[in-house]
Protein chains: 2
Amino acid sequence: MSGRLMKVISKSGEYGLRALLYMASNQKNKGYFNIRDMSEELDISFHFLTKILQVLTQKGILQSYRGPNGGVGFFKNPEEITLSAIIRALEGDDFFDKCLLGLPGCGERQPCPMHAYWMDIRNNLKYEFETTSLADLGQDTREKQFRLIA
Amino acid sequence: MSGRLMKVISKSGEYGLRALLYMASNQKNKGYFNIRDMSEELDISFHFLTKILQVLTQKGILQSYRGPNGGVGFFKNPEEITLSAIIRALEGDDFFDKCLLGLPGCGERQPCPMHAYWMDIRNNLKYEFETTSLADLGQDTREKQFRLIA
DNA sequence: AAGATTAAAGAGTATTTTATCTTAAATAAA
DNA sequence: TTTATTTAAGATAAAATACTCTTTAATCTT
């Protein structure tokens, strides 16, 4: 029962977010990011990362190009990509609506004991995530040289 | 990549918390709660629940008794059991200290891009969980007849 | 057009989490 | 002291998540 940690997001979520932060903080105006290079830079399994970025492409956050000098690039402008959109793409659309106790259909009509309490916290988190853009985080990462690897 | 939800706590965490809320909202001044009965009442696998409650006993939140009319009861007064203590017992002691990106050793000295931002959110959550007692939640549950089952 | 490069897709493996089943140990009651 | 009851503990199974490997499709270069 120990060893588990506040795992708000899955490994896929962690890796996807790290990749996006990497891309946003290494703004190149043209061209695509090579996934192999990124996987080595970030020390993430290449195939696994590929699949995660695929999802982000399917969700309309990234676009991809095959062939020599191919890779992935932003489809939307990082200014318009919220942390919320990223997390929802990677973790599921109902990410911010889940009951703390895991009860299905928990809500105003049939609340669990934690409902009102947890909703406040959740909504706060939701607001924070909705008002933070990838561009902001990327700029911070670049300027303050924040680390993206262990 | 869909179907995953904001899983702040594991199934063990959900079940353990639900059981504690059940106990706190069914205050009997003497005697122990029978685990079999609770497992049926809450629709949680008996053996799994037993193991979870075992952990809460080992962590000094509950006490247990074997044999006829045995069961589990509070070791500490629910007034003095914080939500924080419960979550930490069930999810690990470092629950509120984990990096959103999963980077080991993330902190002031070597922050990830999310560190300051996430720390604020985490600390807020931590504060909320530390200032909420099981007795309060249990009283609410009883008075407002909140549900603990699907 | 042929070959090289790169992401997409699918199948397969490993690890972790969740759940079950069996046996042991403690306690109580007859 | 025997039997019934109940939690503890350990072994096993199933499901979910994380990761790897192989093949395919798109694109570029020559």
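Chain identifiers are assigned alphabetically (A, B, ...) following the order of the sequence lines, protein sequences preceding nucleic acid strands; residue numbering begins at 1 within each chain. Just the heavy atoms: all of them, side chains too, but no hydrogens, waters or symmetry mates, feed the values below.
Of the two residues near DNA chain D, B:Arg36 and A:Phe48, the one whose nearest nucleotide lies more 5' is B:Arg36. Annotation: of the two residues near DNA chain C, B:Asn69 and B:Phe46, the 5′-most nearest-nucleotide partner is B:Phe46. Between B:Tyr65 and A:Gly67, the residue anchored nearer the 5' end of DNA chain D, judged by the nucleotide with its closest heavy atom, is B:Tyr65.
Note: CD (B:Gln63) to P (D:dA8) measures 11 Å, nearest angstrom. Atom C1' of nucleotide C:dT27 and atom CG of B:Asn34 are separated by 14 Å, given to the nearest angstrom. As a whole-Å value, the separation of B:Leu42 CG from C:dA19 P is 14 Å. Regarding A:Leu53, its CG atom lies at a distance of 13 Å from the C1' atom of C:dT6, rounded to whole Å. Nucleotide D:dC19 holds its C1' atom 12 Å from the CG atom of A:Leu49, rounded to whole Å. The distance from atom CZ of A:Arg66 to atom C1' of D:dA26 is 5 Å, rounded to the nearest whole Å. C:dT6 atom P lies 15 Å from atom OH of A:Tyr32, rounded to whole Å. For B:Lys51 and D:dT6, the NZ to P distance is 19 Å, given to the nearest whole Å.
Side-chain contact annotation: A:Thr57 with A:Gln63, donor-acceptor N/O pair under 3.5 Å absent.
Within 4.0 Å (heavy atoms only), B:Gln58 reaches sugar-phosphate atoms of the nucleic acid but no base atom.
Judged by distance alone with a 3.5 Å cut-off, a donor-acceptor contact links the side chain of B:His47 to the base of C:dT22.
Nearest to the side-chain atoms of A:Thr50 among the listed nucleotides C:dA8, D:dT7, C:dA19 stands C:dA8. Of all nucleotides listed (D:dT6, D:dC19, C:dT18), D:dC19 comes nearest to the side chain of A:Ser45. In this structure, the nucleotide among C:dA28, C:dT18, C:dT5 sitting nearest to the side chain of B:Pro68 is C:dA28.
The cationic atom of B:Arg36 (NZ for Lys, CZ for Arg) lies less than 6.0 Å from the six-membered ring centre of B:Phe46 and within 45° of the ring axis.
The structure places CE of A:Met38 at 11.5 Å from CG of A:Leu148, a figure rounded to the nearest 0.5 Å.
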(request) Start with the C-alpha gap between B:Glu108 and B:His115, add the side-chain angles, then the distance that decides, and say whether side chain to side chain donor-acceptor pair (under 3.5 Å) holds. (result) CA-CA 8 Å; B:Glu108 294 306 316; B:His115 179 70; 3.2 Å; yes
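Here B:Gln54 does not reach the OP1 or OP2 of D:dT7: none of its side-chain N or O atoms lies under 4.0 Å away. Here B:Ser64 reaches the OP1 or OP2 of D:dA8: one of its side-chain N or O atoms lies under 4.0 Å away.
Each of B:Met119 and A:Phe129 belongs to its own hydrophobic cluster when Ile, Leu, Val, Met, Phe, Trp and Tyr are linked at side-chain heavy-atom distances under 4.5 angstrom.
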